[in-house]
Amino acid sequence: MRTEDHLAAFGRDGGELVVAGIPLGRLAARVGSTPFFAYDRAAITARVGEVRTALPDRVGLGYAVKANPMPAVVQHLSGLVDSLDVASAGELAVALDTGHDASRISFAGPGKTDAELRRAVAAGVIVEVESRTEMQRLVRTGKELAVLPRAAIRVNPAFAVKGSGMRMGGGPQQFGVDAELVPALLGEVSPADVDVLGFHVFAGSQNLRADILVEAQARTVELVLELSEHLHDEARYVNLGGGFGIPYFEKDERLDLAHVGERLGALLDEQLVDRLPEAEVCLELGRYLVGESGVYVTRVVDVKESRGEAYAVVDGGMHHQLAASGNFGQVIRRNYPMALGNRLGDTGSETDAGPVTVVGCLCTPLDLLGDHVELPRPEVDDLVVIFQAGAYGLTASPTAFLGHDAPVEVLL
Ligand SMILES: *Cc1c(COP(=O)(O)O)cnc(C)c1O
């Protein structure tokens, strides 16, 4: 997808980017300082609507809070989705504060501490158990609190999902219980000690290939059907994960959501509904729901030329938006889409045309935000906007590195 397509998703007023109806200069004044993250509430709502339209009615939609845990964002999403998935006690507290029904909050992630398990069991959320020893600790916690823990087993499938930006299943993993060990684990636990509702399989993130997601869902359903025979009760919970990707780079094409939804509908009708009639099937999406709703806005503090190359130094950087620097799990560094948000359509004069390298203000060569980007030649105080900043931005970045102030986040 090209930068123009990202721009079009927001809108413009003359030469200015418009975010949620507010021209960028006015927005920057309202926020009061740069850099900042701005998330568009209407864009999130619209995205949830698109997903709901594409998915079969019987599939519940969950939000994976770690993609963007800003409390206002989670509050907004709480009213739009069926469930919230958290990955720490901190995220659990944010999710509970929204007033979301605790029985529709799930807690995944390796390394849950006893204190976290205690809070989760007391709250009544579904604990997605990642190992045999975690199951034992969960049972013990339930006994201590005299509360029957609600659990699902997170399964590490034998298959891997190709094409994922981050692989979290298949082969040896810190995530989940290996599929072949699940029957024995289920044989060890008593329904009097823990209510095992079903299974959770999440095998990868940032996938743009509908055919691969469809295949992963089919294999997941097959696996869940097999494992369900080992449950004491009928499966009531089947979390198929997610992994839906968004386009960051020019070569990226949008995920064919309609295709994924259609095939999932057929899969459930043909394979699952008759055999697991009690099961609530859900998907949990993070990035796909919020990633495209956000921009990261920085101000140019210096411009310089070094041996023939133009540089713009901005007041933000990898300490706020690590992913844009290419250091958040990427194998090959590519530029995130970006624009001079106060000078859209400005093509510059003939003399100063040519690519610009946009760097952050950290004293490390890693702090590269845009490598040879086609932009009008930046001037001090111009606003460099980085798109696709609504997921895995601020909270996925090393904010303490170099001791700069934290940026503001606003939900518009
Ligand atoms: C991170 C995570 C997600 C969300 O992944 P996205 O790629 O952002 O959709 C979903 N489920 C679990 C268990 C996760 O750890």
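Order of listing sets the numbers, starting from 1, for every ligand and every atom in it.
- For H200, every heavy-atom contact with ligand 1 shorter than 4.0 Å involves the side chain, none the backbone.
- Atoms of ligand 1 found under 4.0 Å from any heavy atom of Y392 (numbered from 1 in listed order, with element): 1 (C), 4 (C), 5 (O), 6 (P), 8 (O).
- Within the structure, ligand 1 lacks F244 among the residues with a heavy atom less than 4.0 angstrom away.
- In terms of modelled atom types and a separation under 3.5 Å, the side chain of T98 and the main chain of Q75 share no donor-acceptor contact.
- To the nearest 0.5 Å, atoms CG (L283) and CZ (F202) are separated by 11.0 Å.
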Requested in this report: Check the pair D85 / S106 against side chain to side chain donor-acceptor pair (under 3.5 Å), numbers first and verdict last.
Outcome: CA-CA 5 Å; D85 183 73; S106 53; 2.7 Å; yes
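- Using cut-offs of 30° and 60° on the angle between ring planes, the pair Y336 and F249 is perpendicular.
- Close contacts between ligand 1 and R287 involve ligand atoms 6 (P), 8 (O), 9 (O) [criterion: under 4.0 Å to a heavy atom].
- Judged as a salt bridge (charged side-chain N to carboxylate O under 4.0 Å, His left out), and not counting sequence neighbours, D252 has no contacts.
- Distances from ligand 1 to the non-hydrogen atoms of F202 include at least one value under 4.0 Å.
- Against a heavy-atom cut-off of under 4.0 Å, L285 is close to the following atoms of ligand 1: 9 (O).
- Set against the non-hydrogen atoms of E284, the atoms of ligand 1 under 4.0 Å away are 10 (C), 11 (N), 12 (C), 13 (C).
- Considering both main-chain and side-chain atoms, S205 comes within under 3.5 Å of ligand 1 through a nitrogen or oxygen pair.
- Residues passing the ring pair (Phe, Tyr, Trp, His ring centres under 6.0 Å) test with F159: none are found, sequence neighbours excluded.
- Close contacts between ligand 1 and K66 involve ligand atoms 1 (C), 2 (C), 3 (C), 14 (C), 15 (O) [criterion: under 4.0 Å to a heavy atom].
- The aromatic rings of H320 and Y296 stand perpendicular to each other, their planes meeting at an angle above 60°, with 30° marking the opposite boundary.
- If you number the atoms of ligand 1 from 1 as listed, the ones under 4.0 Å from a heavy atom of A64 come out as 3 (C), 4 (C), 10 (C).
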